[in-house]
Amino acid sequence: MHKDVLIDGWHAWRAWLLPWRCQLCGAPGMAGMDLCADCAAELPRNRSCCARCALPLALPTALCGQCQRKAPPWDAAWAPFRYGWPLDRLESRFKFGRDLAAGRSLARLWQDAPRPASLPSLILPVPLHRSRLRQRGYNQALELARPLGHALGVPVRHDLLLRTRATTAQSELDAPARRRNVRGAFALAARAQLPADVALVDDVMTTGTTLAECARVLRRAGVVTIAVWALARAPIPGSR
Ligand SMILES: [Zn+2]
Ligand SMILES: [Zn+2]
């Protein structure tokens with residue numbers, strides 16, 4: 001309660017000093033957000049998709065053709081947005097332009113999106129290797145996971161799942177090379193205790209190769225139910 005009062009006071013002070021401005025068009029932003037209502041309405045929502053992998057589809061389905069052919073190593077997916085204009089602009093500023101304000105807007109959009117029916121006991125962001133973390137200065141998945149976990153009342157841990165090997169950016173690779181690139185790149189911290197149900201969080205899900213590799217590590221450690229959560233899902237695998 002005390003903390004909320006402080007946050008409200010801070011928002012009011014900040015709004016007076018520096019009004020919220022839409023990062024896409026420059027119009028006045030919505031309360032507490034660097035995004036206007038019109039631009040937020042234009043963001044592509046992933047309303048109909050595969051329940052298992054969140055692949056955008058014309059109609060919602062329990063299992064898309066790809067999941068029917070080969071089921072992914074997780075149980076359910078949640079990706080409230082589709083990766084496309086103008087969300088991609090905010091995401092690339094956040095991920096590659098050190099624009100943490102864009103990240104805060106994205107985190108807020110995620111928190112306000114319709115939530116999955118069941119929530120996990122723990123959220124694990126997809127980790128960066130320490131060399132990439134040094135270069136970027138922050139892990140974009142953790143920056144999104146932390147406020148999301150807070151809003152959902154689910155703890156977030158970034159010290160349990162680790163990237164033990166530096167990998168090439170997946171966006172530069174084709175599908176078979178993506179799988180090779182991340183194979184064996186993740187491990188659990190020594191003595192990590194995991195609950196039976198966990199959600200893995202990433203910023204954007206493209207082919208899901210990275211999330212699949214993380215899910216296999218969790219499965220081997222005895223996690224029973226694994227959800228993969230991403231802010232946005234790319235419509236066509238490999239299009240990003
Ligand atoms: Zn705008
Ligand atoms: Zn699917």
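As the structure lists them, so they are numbered: ligands from 1, and atoms in each ligand from 1. Since the model is a prediction, treat every value here as computed from it, not as a measurement.
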query: Linking I/L/V/M/F/W/Y whenever their side-chain heavy atoms sit closer than 4.5 Å, directly or via other members, would Val204 and Phe81 fall into one cluster?
result: yes
- request: Return the set of protein N, O or S atoms whose distance to the Zn ion (ligand 2) is under 2.8 Å, each given as residue and atom.
  value: Cys50 SG, Cys53 SG, Cys64 SG, Cys67 SG
message: Rounded at 0.5 Å granularity, tell me how far CE in Met33 sits from SG in Cys39.
response: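 Going from the CE atom of Met33 to the SG atom of Cys39 covers 11.0 Å.
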task: Determine, stepwise, if the pair Arg233 / Asn46 fulfils side-chain hydrogen bond (donor to acceptor under 3.5 Å, both in side chains).
output: CA-CA 8 Å; Arg233 178 72 154 98; Asn46 194 16; over 6 Å; no
message: Can you see whether Asp75 engages Thr225 through a side-chain donor-acceptor pair at a distance of less than 3.5 angstrom?
response: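 No, no side-chain donor-acceptor contact under 3.5 Å.
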- prompt: Aromatic rings Tyr138 and Phe94: how do their planes relate, parallel, tilted or perpendicular, breaks at 30° and 60°?
  reply: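 Rings of Tyr138 and Phe94: parallel, under 30°.
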message: For the Zn ion (ligand 1), what is the number of protein N, O or S atoms at a distance under 2.8 Å?
response: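 Count of protein N, O, S atoms less than 2.8 Å from the Zn ion (ligand 1): 4.
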message: Taking the basic N atoms (NZ, or NE/NH1/NH2) and the acidic carboxylate oxygens, is any pair closer than 4.0 Å for Asp34 and Arg21?
response: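 Arg21 and Asp34: not salt-bridged.
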- prompt: Do the charged groups of Asp174 and Arg178 touch, with an N to O distance under 4.0 Å?
  reply: no
- prompt: Closest heavy-atom contact between Leu59 and Ser48?
  reply: C-CB, 3.8 Å
Nearest atoms (heavy-atom pairs only) where Asp159 meets Arg157: OD1-NE, 2.8 Å
